[in-house]
Amino acid sequence: MLINRCLRQGRQPGLSLVLATQRPASLHPDVVSQSDLLICHRLTSSDDILALEASRPLYMQESLRAYLKKMGSERGAALIVDDHSESVHMIRVRPRMSWHGGGEPSALEPCREEKEETKTQIPEQFT
């Protein structure tokens with residue numbers, strides 16, 4: 001597979017690859033083990049947790065499950081595993097700010113107060 005070949009040669013200067021997935025368990029094990037930088041947001045599937053745990057570097061003081069437990073369900077929380085500096089960092093990504101307030105789709109109708117709040121947040125140039 002072409003991706004596996006790129007990963008094996010990935011340590012060569014000038015060759016970079018960025019992959020993003022919501023299902024780490026579906027990746028080939030070489031993909032995670034050859035990654036220099038891993039950014040992991042909250043995981044809920046045990047298969048995904050086990051896939052990342054299997055390639056846990058030795059310098060990680062705790063198990064991946066322990067780090068995920070520390071992250072909790074806070075929005076924007078992420079775990080960064082950096083092979084270059086051999087360090088692990090827990091971060092919080094700031095909320096997305098946009099003219100529509102960065103809201104997420106919902107199956108439920110928002111209450112009247114939320115609708116009025118949204119109207120006042122939209123800049124005049126967008127109305």
Side-chain angles (χ1 to χ4, degrees):
M1 184 176 210
L2 182 60
I3 291 176
N4 289 343
R5 200 165 106 206
C6 286
L7 288 170
R8 287 188 196 104
Q9 298 175 7
R11 305 248 182 229
Q12 294 180 12
L15 184 59
S16 299
L17 180 64
V18 176
L19 299 173
T21 183
Q22 292 182 346
R23 296 298 314 244
S26 65
L27 294 174
H28 191 279
D30 290 347
V31 171
V32 179
S33 67
Q34 291 294 315
S35 298
D36 287 333
L37 186 67
L38 177 72
I39 302 173
C40 175
H41 287 275
R42 187 170 62 112
L43 293 173
T44 55
S45 170
S46 60
D47 289 343
D48 294 332
I49 294 169
L50 288 173
L52 292 180
E53 185 73 41
S55 64
R56 181 173 69 96
L58 294 174
Y59 56 83
M60 282 181 75
Q61 299 293 324
E62 301 177 50
S63 70
L64 182 69
R65 286 184 191 273
Y67 284 108
L68 291 173
K69 193 177 224 180
K70 285 181 186 178
M71 282 184 354
S73 61
E74 183 181 348
R75 280 193 166 165
L79 176 70
I80 297 180
V81 180
D82 184 2
D83 266 357
H84 183 70
S85 65
E86 293 188 354
S87 59
V88 179
H89 307 279
M90 294 197 52
I91 64 162
R92 185 167 168 247
V93 179
R94 69 172 176 77
R96 177 182 58 181
M97 302 300 279
S98 60
W99 67 270
H100 57 74
E104 296 177 358
S106 174
L108 304 174
E109 182 68 29
C111 67
R112 185 175 292 164
E113 292 172 5
E114 287 180 18
K115 283 184 179 180
E116 290 175 12
E117 259 183 43
T118 305
K119 287 180 185 176
T120 59
Q121 290 177 356
I122 300 174
E124 290 179 19
Q125 65 192 30
F126 293 112
T127 55

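Residue numbers start at 1 and run along the sequence shown.
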Just how far is it from atom [atom1] of [X] to atom [atom2] of [Y], taken to the nearest 0.5 Å?
X     : Y     : atom1 : atom2 : result
Leu68 : His41 : CG    : NE2   : 12.0 Å
Leu64 : Glu53 : CG    : CD    : 5.0 Å
Ser63 : Leu52 : OG    : CG    : 12.0 Å

Over all atoms of both residues, closest heavy-atom pair of [X] and [Y]:
X     : Y     : result
Ala51 : Ala25 : CB-CA, 3.6 Å
Arg92 : Arg75 : NE-O, 3.7 Å
Met60 : Val88 : CG-CG2, 3.4 Å
Ser73 : Arg42 : CA-CD, 3.8 Å

(message) Do Glu86 and Pro57 have side chains that approach each other closer than 4.5 Å (heavy atoms only, starting at C-beta)?
(response) no

(request) Decide yes or no for Val81 and Ser35: does some side-chain heavy atom of the first lie under 4.5 Å from some side-chain heavy atom of the second? (result) no

(message) Which residues pass the side chain to side chain donor-acceptor pair (under 3.5 Å) test with Ser45, not counting sequence neighbours?
(response) none

(request) Kindly indicate, with the supporting measurements, whether the criterion side chain to side chain contact (heavy atoms under 4.5 Å, CB included) is fulfilled by Met71 and Leu79. (result) CA-CA 8 Å; Met71 282 184 354; Leu79 176 70; 4.0 Å; yes

(request) Please lay out, stage by stage, how Asp48 and Arg23 fare under the test side chain to side chain contact (heavy atoms under 4.5 Å, CB included). (result) CA-CA 6 Å; Asp48 294 332; Arg23 296 298 314 244; 3.3 Å; yes

(message) Using a 4.5 Å cut-off between side-chain heavy atoms of Ile, Leu, Val, Met, Phe, Trp and Tyr, which other residues end up in the same hydrophobic cluster as Ile91?
(response) Leu37, Ile39, Ile80, Val93

